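All remarks here apply to the structure that follows.
From a predicted model like this one, the values you see are computed outputs, not experimental measurements.
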Amino acid sequence: MLRLVLLAALALCGASGEPGLHGMQRVVGGTEAGSHAWPSQISLQYYSSGGWHHTCGGSLIKRNWVLTAAHCVDQNRQFRVVAGDHNLYTSEGSEQVFSLSKIIIHPSWNTNNVAAGYDIALLRLASSATLNSAVQLAVLPQADSILPNGNTCYITGWGLTRTNGQLSNVLQQAYLPVVSYQVCSSTSYWSTTVKNTMICAGGDGIRSGCQGDSGGPLHCEVNGQYQLHGVTSFVSSRGCNVKNKPTVFTRVSAYNSWINSVLAQN
């Protein structure tokens, strides 16, 4: 049976009937990121019970476009995007808040089969962000580029600090080196669950993504520059930081043409 769990911060159910993990104070095994050290990171929030609640991450790729995971926005909810944030529960004066004018989910996304891939979506903001030291655009990778095993990457997010834990107040980061597709698709890792349109990172049993990190970035160093190579997608239903079950991301470089097409048509 397929054993994986999506990483939105909601009481979710995993695929194939596996129970989802949920909870409401980070990236597992991470540390607090420097304030605005990752200025393309956004918090995707939904409105419920009279207030706004963090559910997923995302990345600002144009002044009025955010890249996130499809499973973060495939429910009928009222969403907003907050850019320039560090502490979710403290007003720091750097935040920019946006309503959404359009949600575009990849047409091949199947909410009942995350292992099929296509866990990617674009959000058009109702207005454009002002770029400054706290808010910047992510750098997209070259189309179809594949990172080598062990490539330096960092996941960032406000997700659970441990399996069944709490969301983090402040943005966290964790070092998650790339696990090559050859390794990640082996029987002792994810086997056929992972596709070549995904990217695996971590798997040391200590550091990982967790609920609340979905849709957020995997920042990977290429030629001295950090690029947006992954969109956080899923982990094992046995827990967030299971050894040899790396965090799995949608590989952005597999979707450059789709992203460019959506931006051009909208």
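Atom OH in Tyr46 sits 12.5 Å away from atom CD in Gln78 (nearest 0.5 Å). Distance check, rounded to the nearest 0.5 Å: NE2 of His54 to CD of Gln45 gives 8.0 Å. To the nearest 0.5 Å, the span separating OH on Tyr47 from CZ on Arg77 amounts to 13.0 Å. Note that OG1 of Thr90 is 7.5 Å distant from CG of Asn169, once rounded to the nearest 0.5 Å. Considering CG of Asn256 and CZ of Arg251, their distance stands at 9.0 Å, rounded to 0.5 Å. In this structure, CG on Leu131 lies 7.0 Å from CG on Leu60, to the nearest 0.5 angstrom.
Residues Leu176 and Gly202 come closest through the heavy atom pair CD2-CA, 3.8 Å.
Other residues, nucleotides and ligands contribute at most 12 non-hydrogen atoms within 6.0 Å of the NZ atom of Lys62. The local environment of OH in Tyr255 is crowded, with over 12 non-hydrogen atoms from other residues, nucleotides or ligands closer than 6.0 Å.
Proximity of the aromatic rings of Tyr226 and His219 is defined here by a centroid distance below 6.0 angstrom, and this criterion is not met. Note: Phe234 and Trp190 meet the aromatic proximity criterion, with ring centroids under 6.0 Å apart.
Residues Val73 and Val114 fall within the same hydrophobic cluster, defined by Ile, Leu, Val, Met, Phe, Trp and Tyr side chains chained together at heavy-atom separations under 4.5 Å. Note on Phe79: it does not cluster hydrophobically with Trp52, by side-chain heavy-atom contacts below 4.5 Å among ILVMFWY residues.
A side-chain contact (heavy atoms from CB on, under 4.5 Å) with Asp119 is found for one member of Ile105, Thr250, Val231 and no other, namely Thr250.
For the 3.5 Å distance criterion, the side chains of Gln173 and Thr156 fail to qualify, holding no donor opposite an acceptor.
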